[in-house]
2 protein chains.
Amino acid sequence: MDREGKTVSDAAESGEKISFRDVRAEILRRITIGPWGPGTLLPGEVELAQEFGCSRTTINRAMREISDLGLVDRRRKAGTRVRTTPLRAARFEMPIVRAEIERTGASYRYALVQRGVEPAPDWLRAQMNLTPKDRVLHVVCVHYAGGAAFQLEDRWINLAALPQAEAEEFSRTGPNEWLIATVPFSEVEVSFTATGADALVAAHLDHQPGDPVFIVERATWWQGAAITFVRMSYRKGYRMTTRY
Amino acid sequence: MDREGKTVSDAAESGEKISFRDVRAEILRRITIGPWGPGTLLPGEVELAQEFGCSRTTINRAMREISDLGLVDRRRKAGTRVRTTPLRAARFEMPIVRAEIERTGASYRYALVQRGVEPAPDWLRAQMNLTPKDRVLHVVCVHYAGGAAFQLEDRWINLAALPQAEAEEFSRTGPNEWLIATVPFSEVEVSFTATGADALVAAHLDHQPGDPVFIVERATWWQGAAITFVRMSYRKGYRMTTRY
DNA sequence: CCTTGCCTCATGTGTAGACATAACGTTATC
DNA sequence: GATAACGTTATGTCTACACATGAGGCAAGG
């Protein structure tokens with residue numbers, strides 16, 4: 001956060017305009033080290049605007065961003081209160097695999113492993129909220145980085161919601177890229193976990209069965225209808241990292 | 001996203017004020033399904049304000065939020081362009097373990113496993129950018145949910161940056177909560193991965209050595225100085241989930 | 001032709017003011 | 001006394017306007 005090099009008093013002294021950044025930094029300071037510990041009810045926006053010598057709009061923007069960070073709760077009339085359990089939210093950017101691989105300078109290669117239309121298995125019906133008669137397209141493919149397997153993609157596409165998927169071969173590019181270019185989505189659920197490699201994963205990612213594998217699963221909906229569910233297994237040693 | 005139940009034309013017809021939500025929804029629609037595919041240069045804010053019949057400020061807020069989502073690039077003079085590879089950013093809320101456990105209704109219990117001041121091992125010196133003479137406090141503890149081990153916390157605190165940590169026992173509450181209440185932080189790096197359980201993890205999380213374990217590592221800095229590094233190992237079957 | 005420098009324009013951010021909305025707390029009514 | 005109505009108040013959002021900032025592009029000069 002605190003990348004802004006000047007303090008509020010600096011800005012005030014020099015007669016410069018107060019930026020919402022200055023306000024944000026100062027309020028963050030007061031919450032983290034200053035007098036506004038967990039549970040504190042902060043002064044109202046009008047009062048703060050007076051104190052900082054800026055308009056309420058500026059205070060509002062600073063407060064809104066701090067609220068977005070998860071450090072305070074804001075309610076009309078009730079005011080702004082510092083959360084007792086600050087839940088710093090981290091942002092994870094999830095690029096498509098191809099971009100992630102090419103960004104590292106490695107060459108990207110794609111290989112289709114399996115493709116077929118199947119009745120949805122029970123766990124998938126539960127996960128995607130499908131009816132028993134819904135058909136799904138099941139695609140398994142591998143993304144390689146510099147010659148070595150990087151990620152195994154195990155994807156299910158709801159043909160009731162996306163019938164045109166049945167005409168796609170996915171022999172040269174992955175369903176990932178096709179989907180991004182083709183369908184919008186309104187809601188996404190992502191989860192991370194670790195499991196032991198099964199036979200499929202072991203075979204394609206060069207693992208021993210049972211080896212720990214980092215898993216990302218993502219379910220996507222559009223206007224209430226399930227579009228696709230994907231389970232991505234990463235090669236050994238993969239780390240997903242973010243800074244904030 | 002599309003939770004707003006009315007369209008822009010609805011709002012315009014009824015003579016209601018256009019909300020930045022309406023604008024955001026409509027622009028998202030045009031980007032995902034409408035005519036503004038990847039690479040499109042969007043109209044300027046002034047033009048959009050005219051089209052939507054609202055002020056430029058409202059357009060600006062809508063655009064800023066869409067930009068925060070990672071769907072467009074905005075540059076002064078250059079204008080707003082739809083990204084070719086939309087990198088939808090996901091937000092992960094990371095509450096402290098205690099809150100995470102109690103939220104599920106399970107009872108929380110804490111146990112200290114080990115505590116001592118040690119010279120920093122090489123990998124940690126590299127990770128936290130420490131000098132050879134820096135001393136670190138090493139704390140290992142376990143967080144239980146409803147009687148079963150939930151998370152093993154393996155933490156290192158830089159005593160050069162935080163000497164008062166040496167006086168803490170951490171016998172009743174974890175270093176996690178103490179740190180949150182005590183020190184601010186300016187920068188955080190989080191990473192997720194999967195590894196096989198080592199002896200320590202196996203012993204305290206009821207695993208077999210080599211069992212897949214979901215790992216979260218977090219390094220925290222304050223004004224350039226490393227504060228703490230923590231490696232959290234989760235019990236079998238743990239999933240970290242988020243919707244957006 | 002290439003470079004340098006200015007002009008212009010799109011976004012970034014600030015101000016003051018107004019009305020909307022939600023919720024707390026009090027008052028009035030049954 | 002319980003409940004319903006209402007006024008007060010803090011945040012939410014929109015407007016209109018102004019100036020700042022950064023970058024693309026044109027033009028003058030070498």
Side-chain angles (χ1 to χ4, degrees), chain A residues 1 3-6 8 10-27 31 36 39-83, chain B residues 3-6 8 10-12 14-27 31 36 39-83:
Chain A
M1 304 292 89
R3 299 246 173 64
E4 34 264 347
K6 76 187 164 200
V8 171
D10 286 347
E13 280 166 20
S14 61
E16 288 173 40
K17 280 237 183 92
I18 298 287
S19 160
F20 75 93
R21 260 174 266 267
D22 304 326
V23 177
R24 190 183 58 189
E26 174 62 16
I27 293 180
I31 288 175
W36 294 343
T40 307
L41 179 65
L42 304 197
E45 297 189 345
V46 181
E47 191 177 332
L48 286 171
Q50 278 185 324
E51 191 211 324
F52 285 99
C54 64
S55 78
R56 189 169 79 88
T57 315
T58 302
I59 301 290
N60 184 277
R61 171 144 185 208
M63 289 297 239
R64 182 153 37 83
E65 298 209 349
I66 290 170
S67 172
D68 286 344
L69 275 178
L71 288 175
V72 297
D73 261 335
R74 313 197 75 197
R75 286 204 331 279
R76 281 167 165 146
K77 167 67 183 175
T80 302
R81 193 174 291 274
V82 180
R83 294 182 100 115
Chain B
R3 299 244 173 65
E4 32 267 346
K6 77 188 162 198
V8 171
D10 286 348
S14 61
E16 289 174 39
K17 280 236 183 93
I18 299 287
S19 160
F20 75 94
R21 261 172 263 268
D22 304 326
V23 177
R24 190 182 58 189
E26 173 62 14
I27 293 179
I31 289 175
W36 294 344
T40 309
L41 179 65
L42 304 196
E45 296 189 346
V46 181
E47 192 178 331
L48 286 171
Q50 278 184 325
E51 190 213 323
F52 285 98
C54 63
S55 79
R56 190 171 76 88
T57 315
T58 302
I59 301 289
N60 184 276
R61 171 142 185 210
M63 289 296 240
R64 183 153 36 83
E65 297 208 349
I66 290 170
S67 171
D68 286 345
L69 276 178
L71 288 176
V72 298
D73 261 336
R74 314 196 76 197
R75 286 204 333 278
R76 279 167 167 149
K77 170 68 183 172
T80 303
R81 193 174 291 275
V82 181
R83 295 182 100 115

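From a predicted model like this one, the values you see are computed outputs, not experimental measurements. First the proteins, then the strands, lettered A, B, ... as listed; each starts at 1.
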Given side chains that start at C-beta, do those of B:Val72 and B:Met63 come closer than 4.5 Å, heavy atoms only?
no
Check the distance between D:dT11's C1' and A:Arg64's CZ and give it to me in whole angstrom.
11 Å
Send over the distance from A:Arg21 CZ to C:dG12 P, rounded to a whole Å.
11 Å
Can you see if the side chain of A:Asn60 gets near the phosphate of D:dT11 - specifically, an N or O under 4.0 Å from OP1 or OP2?
no
Round to a whole Å and report the spacing from CZ of B:Phe52 to P of D:dT15.
13 Å
Please state how far atom CG in A:Asp73 lies from atom C1' in C:dA22, giving the value in whole angstrom units.
15 Å
Less than 4.0 angstrom between a side-chain N/O of A:Arg74 and OP1 or OP2 of D:dG12, yes or no?
yes
C:dA10, OP1 or OP2 - any side-chain N/O from B:Thr80 closer than 4.0 Å?
no
Decide, yes or no, whether a salt bridge links A:Glu45 with A:Arg64 under the criterion of side-chain N to carboxylate O below 4.0 Å.
no
Where do B:Ala49 and B:Ser55 come nearest, in terms of heavy atoms and distance?
CB-C, 3.9 Å
Beyond-backbone contact of B:Arg74 with B:Asn60, side-chain heavy atoms, under 4.5 angstrom
yes
Whole-Å distance separating the CE atom of B:Met63 from the P atom of C:dA10:
13 Å
Contact summary for B:Pro43 and B:Trp36, nearest pair of heavy atoms:
CD-CZ2, 3.7 Å
Length of the line joining B:Gln50:CD and C:dA10:C1', which is rounded to integer Å
15 Å
What's the CZ-P distance between A:Phe20 and C:dT15, to the nearest Å?
12 Å
Sub-4.5 Å side-chain heavy-atom contact between B:Asp22 and B:Phe52:
no
If the sugar-phosphate is the primed atoms plus P, OP1 and OP2 and the base is the rest, what is the B/S/- string for nucleotides 17-26 of chain D, using protein heavy atoms under 4.0 Å?
BB--BBBS--
Between B:Ile18 and B:Cys54, which heavy-atom pair has the shortest distance, and what is it?
CB-CB, 4.1 Å
Separation of atom CD1 in B:Ile59 from atom C1' in D:dT13, rounded to whole Å
14 Å
Identify, residue by residue, the members of residues 39-47 of chain A with a heavy atom below 4.0 Å from DNA chain D, and return them in order of residue number, or none.
A:Gly44, A:Glu45
So that I can tick it off, tell me whether A:Asp73 and A:Arg81 are bridged by a salt bridge, with the cut-off set at under 4.0 angstrom between side-chain N and carboxylate O.
no
Pairwise side-chain contact, B:Leu48 with B:Val23, heavy-atom cut-off 4.5 Å (strictly under)
no
